[in-house]
Amino acid sequence: MSTMLKKKDWSLLPRRALTGPEIVTRLAAAPGWKLTGDGADVAIEKTYTFGNYYETISFVNAVAFIANAEDHHPDLSVHYNRCVVRFNTHDVKGLSETDFECASQVDALLA
């Protein structure tokens with residue numbers, strides 16, 4: 001199996017919740033992403049806008065490919081010409097470095 005299709009094994013790569021200052025620093029380096037929610041429901045999210053439904057769904061499928069490879073799945077809100085992507089890490093009850101890594105990979109789809 002190629003490394004692009006192989007899921008990460010999080011049992012070998014433990015995650016931890018980021019601290020407030022760490023979140024602020026990473027958010028500053030993530031253009032367009034904003035903090036939403038609080039407590040265990042805290043997340044980062046970004047809205048991507050497209051010209052039509054086909055472009056939106058193509059983006060959603062590419063995000064699904066990243067999510068599968070990273071074994072880290074965002075909440076997606078899909079509309080005709082936009083998609084809202086929301087990341088958080090349930091097992092740490094907050095945000096982890098994985099959320100920001102995945103956000104960067106999603107941004108790279110449109111770079």
Side-chain angles (χ1 to χ4, degrees):
M1 180 182 290
S2 87
T3 56
M4 285 297 290
L5 297 175
K6 187 176 180 185
K7 288 185 179 183
K8 284 191 177 177
D9 180 356
W10 288 111
S11 66
L12 303 174
L13 303 165
R15 294 183 275 195
R16 67 170 180 84
L18 296 174
T19 65
E22 289 173 322
I23 291 170
V24 169
T25 299
R26 282 166 181 76
L27 213 57
W33 289 89
K34 65 180 183 178
L35 199 59
T36 183
D38 58 12
D41 194 42
V42 69
I44 54 171
E45 77 176 31
K46 183 173 181 177
T47 300
Y48 295 87
T49 304
F50 303 96
N52 57 51
Y53 189 70
Y54 177 78
E55 291 175 7
T56 303
I57 295 303
S58 296
F59 172 78
V60 168
N61 286 327
V63 171
F65 184 85
I66 291 169
N68 184 63
E70 292 296 318
D71 196 22
H72 192 65
H73 307 91
D75 291 328
L76 301 175
S77 179
V78 181
H79 307 272
Y80 172 78
N81 66 342
R82 71 186 187 287
C83 179
V84 180
V85 180
R86 185 176 190 271
F87 282 105
N88 73 346
T89 304
H90 301 285
D91 57 333
V92 302
K93 297 179 176 62
L95 291 170
S96 70
E97 188 62 42
T98 306
D99 297 306
F100 288 94
E101 289 173 13
C102 288
S104 176
Q105 289 184 37
V106 170
D107 281 343
L109 291 171
L110 302 174

Is there a side-chain contact between [X] and [Y] (heavy atoms, below 4.5 Å)?
| X | Y | value |
| --- | --- | --- |
| V42 | N88 | no |
| D99 | L18 | no |
| F50 | V60 | no |

Check your understanding: Of all residues at least two apart in sequence or in a different chain, which pass the salt bridge (charged side-chain N to carboxylate O under 4.0 Å, His left out) check with K34?
Key ->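 Partners of K34 under the salt bridge (charged side-chain N to carboxylate O under 4.0 Å, His left out) test: E45.
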Give, for atom [atom1] of [X] and atom [atom2] of [Y], the distance between the pair rounded to the nearest 0.5 Å.
| X | Y | atom1 | atom2 | result |
| --- | --- | --- | --- | --- |
| F87 | L76 | CZ | CG | 7.5 Å |
| R86 | T47 | CZ | OG1 | 12.0 Å |
| H73 | I66 | NE2 | CD1 | 11.5 Å |
| E70 | C102 | CD | SG | 4.5 Å |

Check your understanding: Pairs in or reaching into residues 52-65: which pass side-chain hydrogen bond (donor to acceptor under 3.5 Å, both in side chains), with residues at least two apart or in two chains?
Key ->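 As it turns out, there is no side-chain hydrogen bond (donor to acceptor under 3.5 Å, both in side chains) pair with a partner in residues 52-65 once direct neighbours are skipped.
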In this structure, would [X] and [Y] fall into the same cluster of hydrophobic residues linked by side-chain contacts under 4.5 Å?
| X | Y | value |
| --- | --- | --- |
| V24 | F100 | no |
| V84 | F59 | no |
| L110 | F65 | no |
| V78 | V106 | yes |

Check your understanding: Which atom pair, heavy atoms only, marks the closest approach of R15 to V92?
Key ->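 So the two residues come closest at O-CG1, 3.6 Å.
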Exercise for review: Can you see which heavy atom on L95 is nearest to which on A43, and at what distance?
Suggested key: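 Minimum heavy-atom contact is CD2-CA, 3.7 Å.
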I'd like to check the side-chain hydrogen bond (donor to acceptor under 3.5 Å, both in side chains) partners of [X]; sequence neighbours left out, ordered by chain and number.
| X | answer |
| --- | --- |
| D107 | W33, K46, Y48 |
| T36 | none |
| R16 | E22 |

**Study point:** salt bridge (charged side-chain N to carboxylate O under 4.0 Å, His left out) contacts in which one or both residues fall within residues 57-66, not counting sequence neighbours
**Key:**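 Matches after skipping sequence neighbours: none remain.
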